[in-house]
S.K.: 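Handing you this structure, nothing more for now.
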2 protein chains.
Amino acid sequence: MSHLNKTIKDVAKHANVSVATVSRVLNNLDRVSDKTRKKVKKAIEELQFVPNSLAASMITKQTKMIATIVPNIQNSFYTSVIQATADVAKAEGYFTFVFPTNDSVEEEEAFFQGVLSKNVEGIVLVGTQTNPDAYKTIDKQIVLVDRYIENSGLDGVVIDNFRGAYEATTHMIEKGHTDIAILSGPTIYSNWKERYWGYQQALKDHGIKANPAYMKEGNWQEDSGYEMTLNLMRMDQPPTAIFATSYILCTYAINAIRDMNLVIGEDISLVGFDENDLAQFIRPKVTVVRRPTYEMGTHAATMLINKLKHKNKLDPHPKKLTLSVELLKNGSVKDLK
Amino acid sequence: MSHLNKTIKDVAKHANVSVATVSRVLNNLDRVSDKTRKKVKKAIEELQFVPNSLAASMITKQTKMIATIVPNIQNSFYTSVIQATADVAKAEGYFTFVFPTNDSVEEEEAFFQGVLSKNVEGIVLVGTQTNPDAYKTIDKQIVLVDRYIENSGLDGVVIDNFRGAYEATTHMIEKGHTDIAILSGPTIYSNWKERYWGYQQALKDHGIKANPAYMKEGNWQEDSGYEMTLNLMRMDQPPTAIFATSYILCTYAINAIRDMNLVIGEDISLVGFDENDLAQFIRPKVTVVRRPTYEMGTHAATMLINKLKHKNKLDPHPKKLTLSVELLKNGSVKDLK
DNA sequence: TTGAAAGCGCTAACAC
DNA sequence: GTGTTAGCGCTTTCAA
């Protein structure tokens with residue numbers, strides 16, 4: 001903020017009008033004569049005046065700023081969401097703070113403190129918390145993405161995790177697999193929990209007893225998928241199929257399988273989550289549960305901005321929008337029949 | 001910005017002190033007795049008061065906000081830079097707007113307008129413009145990343161593109177290759193231009209005449225690398241080696257090569273830029289020019305924030321920081337000797 | 001159609 | 001140590 005910055009006052013003086021008039025021109029308000037308007041615009045031009053929207057915010061109580069909070073900004077799922085919110089925000093004239101929490105509750109809270117004092121109007125949040133009351137004290141509009149919190153009273157955009165996992169597992173079962181492993185992230189989050197449930201339900205519905213040794217829960221971060229896959233394949237009776245329930249887990253599973261000199265779709269069947277470079281590169285392509293990642297972001301951002309625009313007539317009922325998923329059968333599941 | 005928000009005045013009343021005292025406590029200023037401080041803190045707690053840092057900004061001329069502007073937020077190079085600036089900003093108490101320009105000058109300018117009115121203090125910029133005067137009117141601290149503009153008077157963080165390309169090309173030549181193609185992005189940007197120069201210089205220094213038909217310039221976006229690779233390999237005399245000068249170009253080159261049923265390191269040699277999932281997955285691993293992407297971001301953000309902190313004693317000489325690169329010889333270049 | 005003036009929530013002299 | 005007060009740059013009544 002340069003000290004040399006021109007103010008509305010300078011413009012007023014330069015154009016020989018009052019500050020009120022300049023403000024009217026700036027905000028395209030009515031009741032300014034064409035002549036005055038032109039005069040003011042010329043002055044603005046000549047002084048290279050840039051209005052200080054912060055000062056305006058103090059009065060209008062509108063900052064046109066939102067925040068997008070995600071665990072990580074290098075995971076392609078989250079970047080897709082960020083891209084989407086950025087696009088929607090751009091179209092609506094909003095500016096977006098982006099913040100990675102590293103899935104740390106402390107980092108998230110610290111950021112909340114700071115960004116709330118900046119008066120963001122709302123937040124698109126892939127949160128670290130799972131407690132229904134966790135975000136109760138945040139007196140801002142919030143839309144949760146991917147990880148929903150039941151009974152929190154918050155709006156959210158999610159996918160049909162249960163069905164995605166159910167269909168993926170059923171697909172493997174129908175191909176003759178019964179020894180099906182699952183690589184999961186932390187099941188404290190709704191997304192993982194529901195995928196886990198879908199997997200279990202599919203097994204149950206087909207009369208297959210779930211084998212606890214085949215169920216691996218890692219952190220979604222980094223390379224846990226690699227170790228888990230190695231461990232699975234080194235069992236006395238390894239699974240014949242693996243369901244890797246995230247983009248990252250799938251990537252690491254593929255790497256582990258390759259490093260063991262096993263062939264996907266032959267020695268071991270694999271179903272992943274989300275399309276990704278690797279899963280689409282190898283042949284046969286990996287069968288994956290496809291979800292509309294970008295659309296999740298656009299819906300979330302749109303819901304948020306709609307709420308900001310219609311603050312007065314808010315629907316008090318929390319809305320959870322569930323987008324459907326699709327099983328892309330690409331040939332990485334061997335037919336055992 | 002809720003209308004119900006407490007203000008410093010409410011706190012003052014509640015604690016039975018003046019607003020000045022509350023302000024002092026808030027900013028950890030001296031000369032407040034322990035007793036008063038405690039009283040104020042208690043009031044803040046009880047009222048759940050969140051200070052409006054925008055109001056403070058108006059007086060202090062400090063907003064603690066910066067912007068990170070990149071062409072795209074789904075490319076892993078840029079996310080690495082964003083992650084880095086976010087990390088540095090976080091450590092320094094700054095908040096970061098993130099904005100993708102899609103390499104559109106118009107979008108970039110529109111964003112500048114908006115974000116400048118929000119009084120960001122500085123900008124980390126992978127810009128769309130190449131004109132030395134392009135950013136002259138932006139009265140903010142700017143640090144360029146990756147794409148430097150000579151004679152712009154701006155600071156920047158880049159890598160030694162020339163040397164990286166020179167060494168990569170020399171490596172191929174030393175393995176006996178003379179028919180070496182290059183996949184480049186838009187050479188209007190310094191990074192591509194320098195890589196192109198490095199490639200040409202290496203050929204020249206080894207007495208190899210450059211073949212214009214082997215030099216392909218695409219847009220860095222999307223899939224141009226795929227088409228370019230196909231076209232190269234369909235030539236009457238295709239190259240024996242390809243230098244793909246970016247992470248994306250390399251990824252698409254790999255896909256194209258696979259789709260033509262050619263074997264990397266055997267039928268066609270390949271050198272890429274930046275490590276990436278795919279280049280590291282396939283065997284032999286792709287030889288790449290490795291650059292410190294995250295460090296580019298941390299250096300840029302650190303330079304920026306240092307400048308913001310020491311505004312008064314600014315070094316008037318523009319600083320260009322060049323980080324070194326490293327050729328990771330991974331075996332995708334066949335030895336023709 | 002325009003201007004004067006109050007005030008958004010806060011900081012920073014300056015006084016006591 | 002603490003309080004009073006002017007004012008940051010802007011919008012918004014209210015008058016003219």
Side-chain angles (χ1 to χ4, degrees), chain A residues 1-41 43-44 47-65 114 116-121 139, chain B residues 1-41 43-44 47-65 114 116-121 139:
Chain A
M1 213 184 260
S2 163
H3 278 267
L4 314 159
N5 262 344
K6 307 289 177 298
T7 75
I8 202 176
K9 224 168 165 177
D10 299 319
V11 177
K13 207 171 292 170
H14 193 90
N16 236 308
V17 295
S18 73
V19 291
T21 300
V22 178
S23 174
R24 287 185 186 109
V25 172
L26 241 33
N27 297 291
N28 273 313
L29 293 183
D30 48 341
R31 294 188 294 163
V32 180
S33 73
D34 263 15
K35 203 178 120 217
T36 322
R37 187 181 300 275
K38 236 170 253 166
K39 209 166 53 173
V40 171
K41 290 212 165 174
I44 290 174
L47 296 179
Q48 298 217 49
F49 166 70
V50 178
N52 179 341
S53 73
L54 261 33
S57 292
M58 294 204 53
I59 298 163
T60 62
K61 309 293 176 197
Q62 283 203 67
T63 58
K64 291 278 183 182
M65 305 193 295
L116 290 181
S117 90
K118 297 254 176 309
N119 288 290
V120 294
E121 297 184 35
D139 189 24
Chain B
M1 213 185 259
S2 165
H3 279 267
L4 314 159
N5 261 343
K6 306 288 178 296
T7 75
I8 202 176
K9 224 166 164 177
D10 299 319
V11 178
K13 206 171 293 169
H14 193 90
N16 236 309
V17 294
S18 73
V19 290
T21 299
V22 177
S23 174
R24 288 185 186 108
V25 172
L26 241 32
N27 296 291
N28 273 312
L29 294 183
D30 47 342
R31 294 190 294 163
V32 179
S33 75
D34 264 15
K35 202 177 124 217
T36 322
R37 187 180 300 276
K38 236 171 252 165
K39 207 166 54 173
V40 172
K41 291 212 163 172
I44 290 174
L47 295 179
Q48 299 219 48
F49 165 72
V50 178
N52 180 342
S53 73
L54 261 33
S57 292
M58 294 204 54
I59 298 162
T60 62
K61 309 292 176 197
Q62 284 203 67
T63 58
K64 291 277 182 182
M65 305 193 295
L116 290 182
S117 91
K118 297 254 176 309
N119 287 290
V120 295
E121 297 183 35
D139 189 24

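Heavy atoms only: backbone and side chains are in, while hydrogens, waters and symmetry mates are out. Proteins come first, then strands; the chains are lettered A, B, ... in the order of their sequence lines, and each starts at number 1.
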S.K.: In chain order, what residues pass the side-chain hydrogen bond (donor to acceptor under 3.5 Å, both in side chains) check against A/Ser117, with sequence neighbours excluded?
M.R.: B/Ser53

S.K.: Among B/Leu26, B/Val32, B/Val17, which one satisfies side-chain contact (heavy atoms from CB on, under 4.5 Å) with B/Val40?
M.R.: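 In the set B/Leu26, B/Val32, B/Val17, the residue that makes a side-chain contact (heavy atoms from CB on, under 4.5 Å) with B/Val40 is B/Val17.
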
S.K.: With sequence neighbours excluded, what pairs up with B/Thr36 under the side-chain hydrogen bond (donor to acceptor under 3.5 Å, both in side chains) test?
M.R.: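 B/Ser33.
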
S.K.: With no hydrogens and no angle check, just 3.5 Å: does a side-chain donor-acceptor pair link B/Asn52 and B/Asn5?
M.R.: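 Judged by distance alone, the side chains do not pair up.
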
S.K.: Could you state the CG-P distance from B/Leu47 to C/dG9, rounded to the nearest angstrom?
M.R.: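 One finds 14 Å between P of C/dG9 and CG of B/Leu47, rounded.
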
S.K.: Determine: side-chain N/O of A/Lys61 to OP1/OP2 of C/dG9, distance under 4.0 Å, yes or no.
M.R.: yes

S.K.: Collect all protein-nucleotide pairs involving nucleotides 10-14 of chain D in which both atoms are nitrogen or oxygen and the distance is under 3.5 Å.
M.R.:
from, atom 1, to, atom 2, distance (Å)
D/dC10, OP1, A/Asn52, N, 2.9
D/dC10, OP2, A/Ile8, N, 2.4
D/dT11, OP1, A/Asn27, OD1, 3.4
D/dT11, OP1, A/Asn27, ND2, 3.0
D/dT11, OP2, A/Ser23, OG, 2.7

S.K.: Roughly how far, to the nearest 0.5 Å, is the NZ atom of B/Lys6 from the CG atom of B/Leu47?
M.R.: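 If we round to the nearest 0.5 Å, B/Leu47:CG and B/Lys6:NZ are 6.5 Å apart.
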
S.K.: Between A/Thr21 and C/dG3, is there a contact of a side-chain N or O with OP1 or OP2 at under 4.0 Å?
M.R.: yes

S.K.: Can you tell me the distance, in whole Å, between the CG atom of B/Asn5 and the P atom of C/dC8?
M.R.: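 It works out to 14 Å between those atoms.
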
S.K.: C/dC8 P sits how many Å from A/Asn119 CG, rounded?
M.R.: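 To the nearest whole Å, that distance equals 15 Å.
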
S.K.: Expressed as a whole number of angstroms, how long is the span from A/Lys39:NZ to C/dG3:P?
M.R.: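 Result: 7 Å.
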
S.K.: Just the rounded figure in Å: distance from C1' of C/dG9 to CD of B/Gln62.
M.R.: 17 Å

S.K.: Nearest 0.5 Å please: distance from the CG atom of B/Asp10 over to the CD1 atom of B/Ile44.
M.R.: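 Reported value, rounded in 0.5 Å steps: 12.0 Å.
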
